[in-house]
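So the structure is just underneath, and the comments pick up after that.
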Amino acid sequence: MKTVVLTGASMGIGRALAVAWAARGAKLVLSARSENALHEVAKDVVNAGGKAIVVPGDVTDEKYRLELIRRANEEAGGIDVLVNNAGRGFYAPALQIDVDRMREMFELNVFAPLRLVQLAAPALAESRGTVVMMSSVAGIVAAPRYAAYAASKFALEAISMSMRAELAERGVRVVVIRPGPVDTPFRSNATKAEGVPGYDKPDPRAQSAGAVAALTLRAVERGAPVVETSAFVRVASAASRLAPGPLRLVMRRMATKHPEG
Ligand SMILES: NC(=O)c1ccc[n+]([C@@H]2O[C@H](COP(=O)([O-])OP(=O)(O)OC[C@H]3O[C@@H](n4cnc5c(N)ncnc54)[C@H](OP(=O)(O)O)[C@@H]3O)[C@@H](O)[C@H]2O)c1
């Protein structure tokens, strides 16, 4: 039975990942701050055929990170997959970014995943396991009003790229998942600059969390280094490499348009 340590498991993509892994008979170590929601997810996990250990807490707190990895090792007997999925959006024009709030977001989106891999590395080397980093299309293209969030995902991509080369000799794989818009509470949970309109309506291009979860499991099974989960992401990714000039024009147009609230 594979053990999967999953952050951000209380809702959204994390919840879908928990159920998808449970259906493969995995043991899930569920992490997020909302204890009640995690217990609900744990019920779904058991109903889907898996096992669940609930470890509520804040991944930006080092004491909690130590507890999470310790309990995974002691109660689940090791770690096969560490999924760094917890994260938060941040919508603000660059000139209005509150750097203190941006620093807090980096604690969650960048430093917590890095620390968790550092702490889980011995167990992952033992199992010749896999790290999953939940990046974003914003990890390769920084659209207007996404400067802070994209900076965090670019940083996560850089850490993942470097770490992938370093961990290969220990038999540990690093899988980066790049979703575009996904239908989850992510937009309403995001930090927004004062007076920045919108981002609360569902995105019509949004993919389901279940679809992202299925692609993530397949990537882990196949050891794929990077998975771009939708045509939207693949087009944006290709444009950033092959047509940076036209992409700059599109983004300039986006900068003058404001999303509806
Ligand atoms: N949805 C999208 O459009 C989209 C697109 C591309 C990439 N992504 C990425 O996908 C990942 C999951 O996003 P989602 O859409 O599922 O978002 P979501 O629905 O807002 O879920 C975020 C999860 O992170 C947890 N979390 C937030 N702050 C935390 C903290 N300090 N400590 C522990 N857990 C914390 C939340 O649980 P608690 O509140 O209970 O702690 C929740 O389980 C994120 O990394 C996001 O950047 C999302």
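Both counts, for ligands and for their atoms, begin at 1 and track the order of listing. Residues take their numbers from the sequence shown, with the count starting at 1.
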Ignoring hydrogens and angles, write down the donor-acceptor pairs under 3.5 Å from the side chains of residues 214-227, residues two or more places apart or on other chains.
residue: T216; atom: OG1; partner: V212; partner atom: O; Å: 2.7
residue: E221; atom: OE1; partner: R24; partner atom: NH1; Å: 3.3
residue: E221; atom: OE2; partner: R24; partner atom: NH1; Å: 2.2

Name all residues meeting the side-chain hydrogen bond (donor to acceptor under 3.5 Å, both in side chains) criterion together with E67; count only those two or more places apart in sequence or in a different chain, and write none if there are none.
none

Y146 ring center within less than 6.0 Å of Y91 ring center
yes

Show your working on side chain to side chain donor-acceptor pair (under 3.5 Å) between R88 and T191 and close with a plain yes or no.
CA-CA 7 Å; R88 186 166 67 241; T191 302; 3.2 Å; yes

Mark yes or no for whether S188, through its side chain, and P185, through its backbone, hold a donor-acceptor pair below 3.5 Å.
yes

Contact residues of ligand 1, where a non-hydrogen atom lies under 4.0 Å away:
G8, A9, S10, M11, G12, I13, A32, R33, S34, G57, D58, V59, N85, A86, G87, L108, M134, S135, S136, Y149, K153, P179, G180, P181, V182, T184, P185, F186, N189

Please enumerate all residues that pass side chain to side chain contact (heavy atoms under 4.5 Å, CB included) together with D183, with sequence neighbours excluded.
A206

